[in-house]
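Worksheet: the structure to be examined is printed underneath.
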2 protein chains.
Amino acid sequence: MPIDLDRLPVDRGSGVSLWRQIAERIESEITTGAFPPSSQLPSESELTERFGVNRHTVRRALAVLAEKGLVRAVKGRGSFVEEAPLPYPIGRRVRFSENVMAAGRAPRGRLLGVATVVDAEPTRRLGLPPRTPLLRIEMVSSANGVPLSRSTSWFEKARFEGLEAELQRTGSVSRAFAAHGIADYARLETAISARPADPAEQDLLELPPGRAVLVVDAVNADAEGRPIQVQRTRFAADRVHLVVKS
Amino acid sequence: MPIDLDRLPVDRGSGVSLWRQIAERIESEITTGAFPPSSQLPSESELTERFGVNRHTVRRALAVLAEKGLVRAVKGRGSFVEEAPLPYPIGRRVRFSENVMAAGRAPRGRLLGVATVVDAEPTRRLGLPPRTPLLRIEMVSSANGVPLSRSTSWFEKARFEGLEAELQRTGSVSRAFAAHGIADYARLETAISARPADPAEQDLLELPPGRAVLVVDAVNADAEGRPIQVQRTRFAADRVHLVVKS
DNA sequence: AATCATTTGTCCGTATGTATT
DNA sequence: GAATACATACGGACAAATGAT
């Protein structure tokens, strides 16, 4: 009769700590597909029973896996297997929905807020005269219900009056542009940096404290090459990797 | 007689905490150029005297600036003004030294170690048969003496026997390649991600705990398009931003 | 609308083995 | 060997968020 690995008890006094053994067992079950991406892990108390250890020990193992970005714990609900990082192309074409769908996941955009602002730096990058009123739009985008990015965009207000209504309705910048007669647009320049997520980002992106965000700073232009959008996107660094084509 | 802002004492009971006032004063002195990039700040005790506060208050102000990535404290030496982030192009051409010199800074590479290894993943990406022996090379690269990146490279051992000697001597991958008859090489594919720096990286890159590293994963190929190098570079995210040309 | 069971997060402990000084 | 520090493991209580009833 074959050994049932799932029921194999932890090995006390083996020189390997229990939390490490448990973490490795759960990790192998994730990588072999016993726990598929986005599925829910057994609760801490179930794992406690299964491995015959204290709940703290299970929690330590789960903390290791969370640290590695393999699982994500949600208070009051449970722990879930993280999806593999989504490959996000950084090319001329910039279409969040397309990029997410190409990876076989369901994109969604949520409008957080709209404001009319005067801001020197985006104005300069849009090539507009100083103190031109801009539309500033805050969004959160997700794939399969998991938040992927938080973005801030600036547009010339006079040209994109009412853009927010379309954004609100569709949750898609591309579609809002289309409604304003812009069928095609492309990346002009892109700068990429990274830093730890701040508390607001931790909240909106459902990130545990200390994780990093990838900051992608881009200027997008219409078919004639005129800048129409300055965008600063903060991706949850655990959930994407940016792919640059040469 | 004009007011000497440098000598303006801190404003107690103004509703703004002393550490915040001091942080803002030092920050403005940095941005106005009174403390140029890479210069050394006055010691904590000098600042203590100048502002007439306790050393803890000065330390808190400096901690804020370090958190923002404006200054860098080095134990036993002092605090230094961070350089502006170096724009690092991610294009077809991959030349660390060129990129750093283009920004007007002095590049330097230091070889940390060389090992012969068998590793499935880089072997596969190099398009070599499984279990082919590889040369794995660990480096740290810096600009103006400030560590910028930590990289691990894999090469086919049979083809690049003795590469490490040249690397040791010049600290440059390009020059070591040249000595092996490879005049030109280019990026094949690049993936970018980010995560908090681990303790070893904090040490080598002189990063305070909690900061992020930009992980750039690349396969480079010779003039014929054959992969010759798999490279994983971890940039100190505070000190560079990657610029992608479209 | 209010209550309840479930689940993770945080805190208080105690005991024990291991490594260092 | 003794003293010390540290990591490991366990026990229990309660807070906080969630989802269902």
Side-chain angles (χ1 to χ4, degrees), chain A residues 4-31 33-85 105-106 108-113 138 140-150 171 196-213 234 236-239, chain B residues 75-76 195-203 208-210 212:
Chain A
D4 183 353
L5 269 177
D6 288 7
R7 290 292 153 198
L8 200 73
V10 288
D11 188 358
R12 287 167 196 271
S14 67
V16 181
S17 56
L18 299 185
W19 59 264
R20 185 177 283 275
Q21 291 181 49
I22 293 169
E24 279 165 7
R25 286 266 287 280
I26 297 177
E27 177 167 357
S28 88
E29 289 179 322
I30 289 172
T31 50
F35 297 132
S38 86
S39 71
Q40 184 164 10
L41 287 183
S43 73
E44 289 174 0
S45 47
E46 282 177 291
L47 292 171
T48 294
E49 200 180 338
R50 173 179 149 190
F51 289 112
V53 298
N54 189 275
R55 180 167 162 240
H56 293 302
T57 312
V58 167
R59 280 182 62 75
R60 171 127 195 216
L62 289 175
V64 170
L65 299 181
E67 176 64 27
K68 291 175 74 171
L70 270 164
V71 307
R72 188 166 51 105
V74 183
K75 192 194 287 194
R77 295 215 294 136
S79 292
F80 300 84
V81 180
E82 286 273 20
E83 304 265 356
R105 303 190 197 171
R108 221 174 76 85
R110 188 161 61 89
L111 190 62
L112 292 179
E138 309 278 357
V140 175
S141 301
S142 59
N144 282 1
V146 179
L148 264 198
S149 71
R150 156 104 177 72
D198 67 33
E201 288 160 352
Q202 286 168 24
D203 185 43
L204 279 163
L205 297 176
E206 293 173 25
L207 284 173
R211 308 324 296 271
V213 287
R234 284 80 91 201
D238 297 332
R239 312 214 253 260
Chain B
K75 200 185 294 187
R195 56 173 173 73
D198 67 33
E201 288 159 353
Q202 286 167 25
D203 186 43

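Just so it is clear: chains get the letters A, B, ... in the order the sequence lines come, proteins before strands, and each one is counted from 1. What you see below is based on every heavy atom in this structure, not just the backbone, and it leaves out hydrogens, waters and symmetry mates.
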With sequence neighbours excluded, residues passing side-chain hydrogen bond (donor to acceptor under 3.5 Å, both in side chains) with A/Glu24: none
If only side-chain N and O atoms of A/Asn54 are considered, is one of them under 4.0 Å from the OP1 or OP2 phosphate oxygen of D/dG11? yes
Let me know the distance between CD of A/Glu206 and P of C/dT8, rounded to the nearest Å. 16 Å
Could you run through nucleotides 9-14 of chain C and give me one letter per nucleotide, 5' to 3': B if any protein heavy atom sits under 4.0 Å from the base, S if only the sugar-phosphate is that close, - if neither? BBB---
May I have the distance from A/Leu62 (atom CG) to D/dA9 (atom C1'), rounded to whole angstrom? 16 Å
Less than 4.5 Å apart, any side-chain heavy atom of A/Val58 and any of A/Arg50? no
Counterpart residues, side-chain hydrogen bond (donor to acceptor under 3.5 Å, both in side chains), relative to A/Ser17 (two or more places apart): A/Trp19
Considering residues at least two apart in sequence or located in another chain, which fulfil the side-chain hydrogen bond (donor to acceptor under 3.5 Å, both in side chains) criterion with A/Arg108? none
All pairs passing side chain to side chain donor-acceptor pair (under 3.5 Å) where residues 33-42 of chain A contributes a residue, at least two apart: none
Identify whether the distance between the nearest side-chain nitrogen and carboxylate oxygen of A/Glu44 and A/Arg55 falls below 4.0 Å. yes
Who pairs with A/Pro147 by side chain to side chain contact (heavy atoms under 4.5 Å, CB included), at least two apart in sequence or on another chain? A/Val140, A/Leu205, A/Glu206, A/Arg239
Could I get a table of every N or O pair under 3.5 Å where one atom is in the protein and the other is in nucleotides 4-8 of chain D?
from  : atom 1 : to      : atom 2 : distance (Å)
D/dT8 : OP2    : A/Arg60 : NH1    : 2.5
D/dT8 : OP2    : A/Arg60 : NH2    : 2.8

For A/Asn144, check side chain to side chain contact (heavy atoms under 4.5 Å, CB included) against everything at least two apart and list the hits. A/Glu83, A/Arg105, A/Ala106
May I ask you to verify if any side-chain N or O of A/Arg77 is less than 4.0 angstrom from the OP1 or OP2 atom of D/dG19? yes
Applying the Watson-Crick and G-U criteria (both distances under 3.5 angstrom) with [ ] for crossing and | for other-strand pairs, one obtains for DNA chain C .||||||||||||||||||||
Sequence-distant partners of A/Ser149, side chain to side chain contact (heavy atoms under 4.5 Å, CB included), two or more places apart: A/Phe96, A/Ser141, A/Thr233, A/Phe235
Under the side-chain hydrogen bond (donor to acceptor under 3.5 Å, both in side chains) test, which residues partner A/Lys68, sequence neighbours left out? A/Glu27
Checking A/Ser43 now: which residues fulfil side chain to side chain contact (heavy atoms under 4.5 Å, CB included) with it, not counting sequence neighbours? A/Ser45, A/Glu46
Over how many whole Å does the gap from A/Leu41 atom CG to C/dT8 atom P extend? 9 Å
